[in-house]
Novice: 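One structure follows; several queries about it will come next.
Position 1 is the first residue of the sequence, and the numbers go up from there. Note that the coordinates shown come from a computational prediction; the quantities given were computed from them, not determined experimentally.
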Amino acid sequence: LDVLFPLDVKKIIYVDADQVVRADLKELWDMDLQGAPYGYTPFCSSRATTVGYQFWRDGFWKNHLQGRPYHISALYVVDLKRFREELV
């Protein structure tokens, strides 16, 4: 990523082309990453309409995640300054 953006670009939000954003991305932009280079969005578990898509609740992913939240890799924020410092 560090070669895709000019050095004066400090932060980006990545959104997959097939995603529908239904909220203000400012919340993601303003997220305190606590020194991490990335901030991922947890998949919504509070809506009954998404239950059929929550594949991490059973089988392999349930065991693999061990109670940790599943995060969407199609929507995330990158602190490019931190990314470059850590040479991620």
Side-chain angles (χ1 to χ4, degrees):
L1 286 174
D2 61 330
V3 297
L4 295 177
F5 300 98
L7 292 175
D8 62 337
V9 175
K10 303 297 184 209
K11 189 187 287 189
I12 61 163
I13 291 179
Y14 173 82
V15 182
D16 262 359
D18 63 348
Q19 294 300 299
V20 176
V21 177
R22 297 177 56 192
D24 189 346
L25 290 175
K26 185 169 181 358
E27 183 178 352
L28 184 59
W29 185 264
D30 292 339
M31 181 186 290
D32 179 3
L33 300 180
Q34 300 176 356
Y38 304 104
Y40 289 92
T41 308
F43 196 91
C44 179
S45 297
S46 63
R47 293 194 179 124
T49 56
T50 67
V51 170
Y53 300 101
Q54 296 176 16
F55 58 85
W56 63 91
R57 291 182 173 264
D58 298 306
F60 171 81
W61 284 105
K62 181 178 181 179
N63 295 331
H64 178 71
L65 292 170
Q66 299 177 6
R68 295 181 306 250
Y70 173 75
H71 291 81
I72 302 171
S73 61
L75 176 63
Y76 57 94
V77 62
V78 180
D79 179 337
L80 288 174
K81 183 177 182 296
R82 185 73 176 159
F83 182 92
R84 291 175 180 126
E85 289 170 356
E86 292 188 14
L87 300 173
V88 175

Novice: Are V78 and K11 side-chain neighbours, meaning at least one heavy-atom pair lies under 4.5 Å?
Specialist: no
Novice: Kindly compute the distance separating OH (Y14) from CD (Q19), expressed to the nearest 0.5 Å.
Specialist: 8.5 Å
Novice: Indicate the atoms forming the closest heavy-atom contact of G35 with E86, along with that distance.
Specialist: O-OE2, 3.9 Å
Novice: Does a side-chain heavy-atom distance below 4.5 Å link F5 with L80?
Specialist: yes
Novice: Might you confirm whether atom NZ of K81 has over 12 heavy atoms from other residues, nucleotides or ligands at distances under 6.0 Å?
Specialist: no
Novice: Quick check: closest heavy atoms across R57 and K62, and the distance to 0.1 Å?
Specialist: O-CD, 3.0 Å
Novice: Taking the side chain as everything from C-beta on, heavy atoms only, tell me whether W29 gets closer than 4.5 Å to I13.
Specialist: yes
Novice: Nearest 0.5 angstrom please: W61 CH2 to R68 CZ, how far?
Specialist: 10.0 Å
Novice: What closest approach, in Å, do M31 and G39 show between heavy atoms, and which atom pair accounts for it?
Specialist: SD-CA, 4.2 Å
Novice: Ring-plane angle category for Y40 and Y76, please: parallel below 30°, perpendicular beyond 60°, tilted otherwise.
Specialist: tilted
Novice: Closer than 3.5 angstrom, by distance alone: can the side chain of R82 be matched with the main-chain N or O of A36 as a donor-acceptor pair?
Specialist: no
Novice: Would you call L4 and I12 a side-chain contact if the rule is heavy atoms closer than 4.5 Å?
Specialist: no
Novice: Salt-bridge test for D30 and K26: reply yes if a basic N is under 4.0 Å from a carboxylate O, no otherwise.
Specialist: yes
Novice: Test side-chain contact (heavy atoms from CB on, under 4.5 Å) on D16 and L75; report intermediate values, then the result.
Specialist: CA-CA 7 Å; D16 262 359; L75 176 63; over 6 Å; no
